[in-house]
Amino acid sequence: MSTADQNSADQSSADQSTAADSRAAFEPRRAIVTAADSGIGRATAVALAEAGMDIGITWHSDEAGARATAAEVEGLGRRAVTARLDVTDLEDAAGVIDRLADDLGGLDVFVNNAGAGLQTPFLEVSLDEWRSVVATDLDGAFVCLQRAARRMADAGRGGRLIAVTSVHEHQPMVGSSAYDAAKHGLGGLVKTAALELAPHRITVNAVAPGEIATAMTGNEDEDPREHHRPGIPLGRPGDAREVAAVIAFLASPGSAYVTGASVVVDGGMLQMGPQAGAAITDDSWRSV
């Protein structure tokens, strides 16, 4: 082998070693999950604790629920810290993220799960209602994601940002103009942040649930397999733990090459557009 060939081979081996070292360097140990007092947030906090992370837990109105989540995390041998977070209080929200990260000793994974919905026809939505939903689902998400990203970039260890959106990030629903607009916007934010944060080895992804058995859909603590949904190919709502499993993967070292994606967890619901549309026989779908 010539000297040039040997040098090329050595450089290739060094590049591969550097790439492997870079992948190995990200070992998530500290995560924050917003709105982790119930539903998808609680299931996510537990899943990340099972993966070996200490967890920052936020709650808005259910402190007891947050403490119950913390107890589950601690039962897995991980630390849990809790804080009240009102994502519509934009000046304070970023400070809450900072305080939790300080308590944890750093931040490797941030899951933006806090959200709110509204079922009101477009012609009847008040400006205050619109602003409330957008402030919760988009403005607050921006503030929290940005603060988490700044901490990760400053630390220089890489990181994972994950936003819980909805199938309505991709497709609309009658009566959900504010929610749909905010979730579409959040999906766009995820894509742009993924481009900009890649040099910092921070991946940014969305998880878009369909109907999940949570308090938001009136099914929490019920077995979703007991509810038949003929319009969903898998025939049932999802379980919050099924969403949490996807989030846990996106938070892991194994997801290092996934960024700017929106992973849909909906039992096939979004694939039903033409099929479901052709099956509708009256105009009842036009009303909330």
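- Interatomic distance, Trp285 CH2 to Met173 CE, rounded to the nearest 0.5 Å: 13.0 Å.
- Contact detail for Leu100 and Gly56: the closest heavy-atom pair is CD2-CA, 4.4 Å.
- Side chains of His168 and Ser176: a donor-acceptor N/O pair is absent below 3.5 angstrom, by distance only.
- Ser284 and Asp282 form a side-chain donor-acceptor contact under 3.5 Å, judged by distance and modelled atom types alone.
- Scanning all heavy atoms of the two residues, the minimum distance from Asn205 to Gly260 falls at OD1-N, 3.2 Å.
- Here Glu27 does not pair with Arg160 in a salt bridge; the nearest charged N to carboxylate O distance is not below 4.0 Å.
- Under a 4.0 Å N-O distance rule, the pair Asp98/Arg147 qualifies as a salt bridge.
- Here the closest non-hydrogen pair linking Leu186 and Leu138 is N-CD1, 3.5 Å.
- Between Phe142 and Leu189 the shortest heavy-atom distance is CA-CD2, 3.9 Å.
- The closest side-chain heavy-atom distance from Leu48 to Val111 is below 4.5 Å.
- Under 4.0 Å is where a charged nitrogen must lie from a carboxylate oxygen, and between Asp92 and Arg99 at least one such pair does.
- Across Ile232 and Gly267, no two heavy atoms sit closer than the pair CG2-O, 3.4 Å.
- In terms of the salt bridge (Lys or Arg N to Asp or Glu O under 4.0 Å) criterion, residue partners of Asp283 (sequence neighbours excluded) are, by chain and number, Arg286.
- A donor-acceptor contact shorter than 3.5 Å is absent between the side chain of Thr165 and the backbone of Ala206.
- Atom-to-atom distance recorded for Ile162:CD1 and Asn112:CG is 10.5 Å, nearest 0.5 angstrom.
- Other cluster members for Leu76: Val46, joined by side-chain heavy-atom distances under 4.5 Å among Ile, Leu, Val, Met, Phe, Trp and Tyr.
- Between the side chains of Arg84 and Thr58, no donor-acceptor pair of N or O atoms lies under 3.5 Å.
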**Message:** Please evaluate residues Glu50 and Arg241 with respect to the criterion salt bridge (charged side-chain N to carboxylate O under 4.0 Å, His left out), reporting the C-alpha separation (whole Å), side-chain torsions for both, the decisive distance (0.1 Å), and the verdict.
**Reply:** CA-CA 12 Å; Glu50 289 174 336; Arg241 289 166 293 190; over 6 Å; no
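- Looking at every heavy atom in both residues, Leu161 comes nearest to Ala148 through CD2-CB, 3.9 Å.
- Residues Glu211 and Arg229 are paired through a salt bridge, judged by an N-O separation under 4.0 Å between the basic side chain and the carboxylate.
- Atom CZ of Arg150 and atom CD1 of Ile202 lie 12.0 Å apart (nearest 0.5 Å).
- Looking at Asp89, its side chain never comes within 3.5 Å of a backbone N or O of Ala93 through a donor-acceptor pair.
- A salt bridge links Arg78 to Asp54: one of the charged nitrogens lies within less than 4.0 Å of a carboxylate oxygen.
- Partners of Asp102 under the salt bridge (Lys or Arg N to Asp or Glu O under 4.0 Å) rule, at least two apart in sequence or in another chain, are Arg151.
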